[in-house]
2 protein chains.
Amino acid sequence: MSADRPHLADVNASLRQLMQLSQTRSKKIRKETGITGPQLLAMKTLADSPNLSISELARRIYLHPATVVGIVDRLEGHGLVERTPSKKDRRQVNLKLTRAGKGALRKTPVSAQDPMLAGLEALPDKKLKRLAVNLSKIVKVLETHAKGPAPKRRRGRPRKEESLPKKRRAGKPA
Amino acid sequence: MSADRPHLADVNASLRQLMQLSQTRSKKIRKETGITGPQLLAMKTLADSPNLSISELARRIYLHPATVVGIVDRLEGHGLVERTPSKKDRRQVNLKLTRAGKGALRKTPVSAQDPMLAGLEALPDKKLKRLAVNLSKIVKVLETHAKGPAPKRRRGRPRKEESLPKKRRAGKPA
DNA sequence: ATTTGCTTTTTCGTATACAAATAATTTGTT
DNA sequence: AACAAATTATTTGTATACGAAAAAGCAAAT
C-alpha cells in the first residue's frame with residue numbers, strides 16, 4: 001500500500017482503534033444504563049453547569065449544535081432534561097437536568113460515567129498525568145494542522161423564501 | 001462529576017477532541033475529493049486486496065458488516081466499486097475497484113488518504129515514532145479494560161433485557 | 001433427505017455527527 | 001425607525017456505526 005512513512009500507518013491504526021473502542025464502549029453503556037455515551041456526557045455537563053444554552057453545551061462537549069439538538073431531544077423525551085425558554089434572549093433555551101435526570105446520573109456507575117474512562121481509572125496518577133499530557137500534545141498537533149475550529153464564519157444571509165408554516169421555537173407547549 | 005481524579009477529565013476531553021477532529025477532517029476530505037474517510041479507507045483496502053468479501057473487508061477496517069454494506073452501497077452507486085457474486089460461495093460477494101475507482105484513488109492527494117494523517121506528515125520521524133508508541137500504549141490499556149474489566153460473577157439465571165421506553169418525534173418518513 | 005446449525009449479506013431501527021438551509025430574534029448601522 | 005448583519009435553535013439531508021433479525025446458502029448430523 002502506501003510507501004508512506006514508517007509509523008504513519010501505526011498512528012492511524014491506533015487512532016481508528018481508539019474511536020472504535022469509544023463506539024463499542026458507548027453501546028455497552030447504553031445496554032447497561034439505557035443512556036448512551038454522548039447523552040451521559042451532556043448530562044454530566046449540565047449537572048456541573050445548569051442553564052446552559054444549546055450552543056454553549058455544544059461548545060463544551062466539542063459537538064455541533066445540530067448534533068446536540070438531537071441528543072437533547074432524546075434526553076428530553078426520556079424526561080431527563082428540560083428545555084425552558086430564556087428570558088434574556090428569546091432565541092435561546094435553557095437546559096437543565098430534571099429531578100429524574102439527576103437521579104439517573106447519580107445511579108450511573110462511575111465506571112460508566114464516560115465512554116473511555118473505565119480503563120483509565122485503574123491507572124496510577126503518574127501514568128495518568130503523562131497520558132493526559134501526551135494526548136493533549138497529539139491533539140494540539142492535529143488541531144493546528146486542521147485549521148482550528150475557531151473562525152466560525154457565519155454566512156447566513158437571510159433570504160426571502162416562502163415555505164411551510166412549520167415552526168417550533170423556544171416556547172414549547174408540551 | 002469526574003472531580004475524583006485530576007487528569008481524568010483532561011484525558012477525556014482530549015479523546016473527544018480527537019474524535020471530533022477526525023470527523024471534521026473526514027468532512028473536509030469529502031468536500032475536496034467527493035469521497036468520505038471511511039469510503040476512502042475501504043477503497044484503499046480493496047486496492048491492496050481485490051476480491052474481498054463484505055465480511056473480510058469489514059474485519060480489515062474494524063467495522064461492522066452492516067456498516068460496510070452501506071459504505072459499499074454508496075461506492076457502488078458512484079461507480080467506484082463493483083459487487084460480483086462469488087462462484088465458490090453463493091452467499092458471498094466479491095468486491096473490486098472499478099476502473100473509475102482506481103482512477104479516483106490515484107487522484108486522491110496523499111494528504112487526504114486518511115482522516116487524521118494530514119497533520120502528522122509534517123512531523124519529524126522521531127516525534128512520529130514516539131507518538132506511535134504512546135498511542136499504541138493508550139490503546140492497549142483501554143482495550144484490555146474494554147474486553148473484560150468486570151470480573152463480576154453473576155449467579156443465577158440470565159436476565160431478560162429490557163429496552164427503555166422510546167418516544168417518537170418528528171422524523172423523516174423516508 | 002431432512003433437520004439442525006452456522007455463516008454471509010442484507011434490512012431495519014436507533015443514535016451519533018456535520019453542513020447547509022431556515023426561522024426567529026437580537027444587535028448594529030444609517 | 002428602517003435596514004442590514006450577526007446569532008441562536010431547529011430542520012433537512014447525508015453518512016457513519018452498531019445490534020438484531022431476516023433471507024439465503026452451506027455443511028455436518030441424524
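To find a chain, count down the sequence lines: A is the first, B the second, and so on, and within it residues start at 1.
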Close side-chain approach of [X] to [Y], heavy-atom, < 4.5 Å:
{"X": "A:L41", "Y": "A:I71", "result": "no"}
{"X": "B:L57", "Y": "B:V72", "result": "yes"}
{"X": "B:N51", "Y": "B:K96", "result": "yes"}

For a quick check of understanding: with a heavy-atom distance under 4.0 Å over all strands, which category does B:T67 fall into, base, sugar-phosphate or nothing?
base
Nearest to the side chain of B:A66 - C:dT16, D:dA20, D:dA17?
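Nearest to the side chain of B:A66 among the choices is D:dA20.
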Closest nucleotide among D:dA17, D:dT11, C:dT26 to the B:L63 side chain:
D:dA17
Can you measure [X] atom [atom1] to [N] atom [atom2] for me and round it to whole angstrom units?
{"X": "A:I71", "N": "D:dT10", "atom1": "CD1", "atom2": "P", "result": "13 Å"}
{"X": "B:D73", "N": "D:dT14", "atom1": "CG", "atom2": "P", "result": "15 Å"}
{"X": "A:L57", "N": "D:dT8", "atom1": "CG", "atom2": "C1'", "result": "14 Å"}
{"X": "B:L40", "N": "D:dA15", "atom1": "CG", "atom2": "C1'", "result": "14 Å"}
{"X": "A:L75", "N": "C:dA15", "atom1": "CG", "atom2": "C1'", "result": "12 Å"}
{"X": "B:L80", "N": "D:dA15", "atom1": "CG", "atom2": "C1'", "result": "15 Å"}
{"X": "A:I35", "N": "C:dA15", "atom1": "CD1", "atom2": "P", "result": "12 Å"}
{"X": "A:K88", "N": "C:dT25", "atom1": "NZ", "atom2": "C1'", "result": "16 Å"}

End axis versus end axis in the helix from C:dA1-D:dT30 to C:dT30-D:dA1, the angle rounded to 10°, five pairs used at each terminus
10°
With nearest nucleotides of DNA chain C determined for B:H64 and A:Y62 from heavy-atom distances, which residue corresponds to the more 5′ nucleotide?
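Looking at DNA chain C, the more 5' nearest nucleotide goes with B:H64.
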Grab the N/O contacts between the protein and nucleotides 1-3 of chain C below 3.5 Å, and write none if there aren't any.
none

I'd like to know if A:L46 and A:Y62 are part of one continuous hydrophobic network [Ile/Leu/Val/Met/Phe/Trp/Tyr, side-chain heavy atoms within less than 4.5 Å].
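The answer is no; the residues belong to distinct hydrophobic clusters.
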Apply side-chain contact (heavy atoms from CB on, under 4.5 Å) to residues A:L95 and A:R83 and explain how you reach the verdict.
CA-CA 5 Å; A:L95 303 173; A:R83 273 181 171 98; 3.8 Å; yes
Tabulate atom names and distances for all N/O pairs under 3.5 angstrom spanning the protein and nucleotides 5-9 of chain C.
unit_1: C:dT7; atom_1: O2; unit_2: B:R91; atom_2: NH1; d: 2.4
unit_1: C:dT9; atom_1: OP1; unit_2: B:I54; atom_2: N; d: 3.0
unit_1: C:dT9; atom_1: OP2; unit_2: B:S55; atom_2: N; d: 2.7
unit_1: C:dT9; atom_1: OP2; unit_2: B:S55; atom_2: OG; d: 2.0

A:L105 and its side-chain contact (heavy atoms from CB on, under 4.5 Å) partner, picked from A:I35, A:L97, A:L80:
A:L97
B:T36 side chain near D:dT16 phosphate (N/O to OP1/OP2, under 4.0 Å)
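Yes.
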Output yes when at least one side-chain N/O atom of A:R90 is less than 4.0 Å from OP1 or OP2 of D:dT8, else no.
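No, no such contact exists.
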Any side-chain donor paired with an acceptor under 3.5 Å for A:R60 and A:S49?
yes
